[in-house]
Structures are given as structure tokens and as C-alpha cells.
Number of protein chains: 2
Amino acid sequence: MQKYREIGLKLTPQRLAILEYLDGNTSHPSAEDIYREVKKRFPTMSFATVYNTLEVLRKRGNLLELTIDPERKRYDPNTSPHHHLICLRCKKIVDVHVDYRIDLPQKERESFEVFGNHIEFYGICNNCKQKGGVMNGSV
Amino acid sequence: MQKYREIGLKLTPQRLAILEYLDGNTSHPSAEDIYREVKKRFPTMSFATVYNTLEVLRKRGNLLELTIDPERKRYDPNTSPHHHLICLRCKKIVDVHVDYRIDLPQKERESFEVFGNHIEFYGICNNCKQKGGVMNGSV
DNA sequence: TACTAAATTAGAATAATTCTAAAAAACGTT
DNA sequence: AACGTTTTTTAGAATTATTCTAATTTAGTA
């Protein structure tokens, strides 16, 4: 999120607020997280603005849309290659900054143009584990 | 899907139809794909039955719920560890049967109980590539 | 064959996301 | 500083995937 150097983008206060909220944010917020936060400063803020802005940032390559949480999309302003660890209970997501080198077999590389990969580690975070509960298929 | 040995499950014709459709299926169908197909044989079939059955199978460990396609959940009757390659355009998903061994750093293993991992490779399949179109952030 | 718990059904409800059309605002140009 | 054009914001409606509900039906057992 190169601070405020948003060449080619109209810099509105709402967008700035979203950018500031995202800048350095490692909580992998959902659209609603962002909406709730920014709405504090701009009470008329609408969901459409959040989604529009996120889409614009994604198209510019400044934001990753994560498909890890089965309930909602999560967003990551850190666009450098990295992986994620998610808690199956509370859906907390943390970064995994390790450069695993992973190659695809020739067969798949022939039938796809592969752009990259992303590893999703899954488990239960300490916080949820201490809260207890059964550990069957229901997680 | 151990054929018809559904101990502890009431074996209804609708469930059998779903099981048969899933058996050996590597297309990673969505709930709607399953619904559409099974409805041919059982025109009164409802979505609730599909979702209920999928949930029962998942809880029994006979089905994986994939969170890869940003638009809908996809299901995989192959529960042995493997990975996936998805086309960002048409959302086709293919299996990747390679055993990468991937370890998490100590730091993360301390704050989570990690059950496993899953690699998502992403790109554009040949079919979509030949159809052309721009290759910007919009995919 | 009868019982009972579990499954199916149609449709309503919910939740995330997208769309719409009108009003407002950014930014380059006067 | 005001103007004009194009983009953005807004409130709310619309859409889509998924879940829930309550009544009816059915599988599996006694």
C-alpha cells in the first residue's frame, strides 16, 4: 500500500480510510470487518464502497483476495508470496513466511498455465483449544 | 465411498443416488452440480437433502469440503491427502497427487495444533487460454 | 405389520456479495 | 476559484449460496 501514491485512482477520504486500515494489517479482515471499522469514521459509508475499493485494489495487484475461510472472503494487503495457517474453529488466519519450493508434475504443467501456489495449513489455535469442546468432524 | 456399506446411516434412495454420483467423481462438483444431476432421477429432490447428505458424509470423514472456488463450496469424495490445481477462469479443479513434505516453523506449531495442509495451485487451463481474453487482474 | 427415530420436502430465512440509479465529489482545465 | 467531466459514493434493492423449519414420509427394527 505505497502510502497515498495512488496514481490513477481518485483519492477519496473513504478510500484513504480503507487504505489506512489495511496498511500493515495482518488480521486478514473480511469485507465486513473493514466496513465496521471504517464506518466509525464515515458513518454514511456503504458496503458497496468497501467492495468497490477492494476490487480496485485487487485489480491493481495491491491486495489479495483469500479463499480460505469457508464463510467469507478475507483480504490480505501483503501481496508478497506467502502462505497461511487457519484455525478451523474461530477462522483466525496467520501468515506463514516460508519459501517452500513446490513444483507441479509435467502432466499438469502441460494442461494449465500455472501462475503460482498457496499453501493452507489448518488446525486449531491455542485459544480455541483451551476453550475445549469436542474434536470430531464438526471441528 | 465404500459401496453401500453405510453403517449407521439410513440408506435412502436419494442418498444412494448422491453416493453413486460422487463415487469416483473427480470433477469436484458443487452442491448445485449434485442437485441438478440427482434431480434427474428424483425430481422431488430438494437442496436440503443434498446439503444434509454432504454434511453427514463430511462428518463421517468420507468427503472433503473444498474452499478453493471463491464462488461456492466444492466437494471431493477422495479423502486421501492430495492437492488441487484450479483454473481462475472456469473454476475447473484437477487433482494433484504428489506428496510434498511441508513443515511448519516451530513458531507456528507452538501456537496452533496443526492437522494438515493443502496446496492450491492456480492458473488458467488450456481450454480457457485458447478462448483468449485479456490477462490482467480481472483474470 | 407397527413403531420410532431419522430423512425428505417445499419453501422461507439468512448471509455474503453484487447491482442500480441518483447524488456527490475529485481532479484537470480554465 | 469556478467549471465540467468522469468517477465515486450512497441507500437500498437484487442476487446467490447456504441453512433452517415444520410437516410429511420412510428406513430399519421390533
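Chain letters run A, B, ... following the sequence lines, proteins first, then strands; residues in each count from 1. Side-chain atoms are counted along with the backbone in the values below, which use heavy atoms only and exclude waters and symmetry mates.
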In whole angstrom, give the distance that lies between atom [atom1] of [X] and atom [atom2] of [N].
X	N	atom1	atom2	value
Glu32(A)	dT17(C)	CD	C1'	12 Å
Leu57(B)	dA7(C)	CG	P	11 Å
Met45(A)	dA25(C)	CE	P	13 Å
Lys59(B)	dT19(D)	NZ	C1'	13 Å
Ile18(B)	dA7(C)	CD1	C1'	11 Å
Asp33(B)	dA17(D)	CG	C1'	13 Å
Lys91(B)	dA17(D)	NZ	C1'	15 Å
Arg74(B)	dT18(D)	CZ	P	11 Å

Legend entry - Aromatic ring proximity Tyr35(A)/Phe47(A), centre distance under 6.0 Å: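 Ring-ring flag for Tyr35(A)/Phe47(A): true, centres closer than 6.0 Å.
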
Legend entry - Sugar-phosphate, base or nothing in reach of Pro70(B), heavy atoms under 4.0 Å: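 It contacts nothing in the nucleic acid.
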
Inset, instruction - Answer with base, sugar-phosphate or nothing: what part of the nucleic acid does Thr44(B) contact at a heavy-atom distance below 4.0 Å? - result: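 Thr44(B): backbone/sugar contact only, no base atoms under 4.0 Å.
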
For the side chain of [X], counting heavy atoms from C-beta on, which of [options] is nearest?
X	options	value
Ser46(A)	dT9(D), dT9(C), dA11(D)	dA11(D)
Ala48(A)	dT20(C), dT17(C), dT18(D)	dT20(C)
Lys10(B)	dA27(D), dA16(C), dT10(D)	dA27(D)
Leu11(B)	dT10(D), dA17(D), dG28(D)	dG28(D)
Thr12(A)	dA5(C), dT9(C), dT8(D)	dT8(D)
Asn52(A)	dT8(D), dT9(D), dT19(D)	dT9(D)

Legend entry - Donor-acceptor contact below 3.5 Å, side chain Thr53(A) vs main chain Thr49(A):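 Yes; at least one donor-acceptor contact below 3.5 Å.
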
Legend entry - His118(B) (side chain) donor-acceptor with Gly116(B) (main chain) under 3.5 angstrom: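 Not confirmed, His118(B) side chain does not pair with Gly116(B) backbone.
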
OP1 or OP2 of [N] versus the side-chain N and O atoms of [X]: is any pair under 4.0 Å?
X	N	answer
Tyr51(A)	dT17(C)	yes
Arg15(A)	dT8(D)	yes
Gln14(B)	dT9(C)	yes

Inset, instruction - Determine whether the side chains of Asp76(A) and His84(A) contain a donor N or O and an acceptor N or O closer than 3.5 Å. - result: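 Distance-only check passes for Asp76(A) and His84(A).
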
Inset, instruction - Measure the CG-NZ distance between Asn127(A) and Lys129(A) for me, rounded to the nearest 0.5 Å. - result: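 Rounded to the nearest 0.5 Å, the CG-NZ separation comes out at 11.5 Å.
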
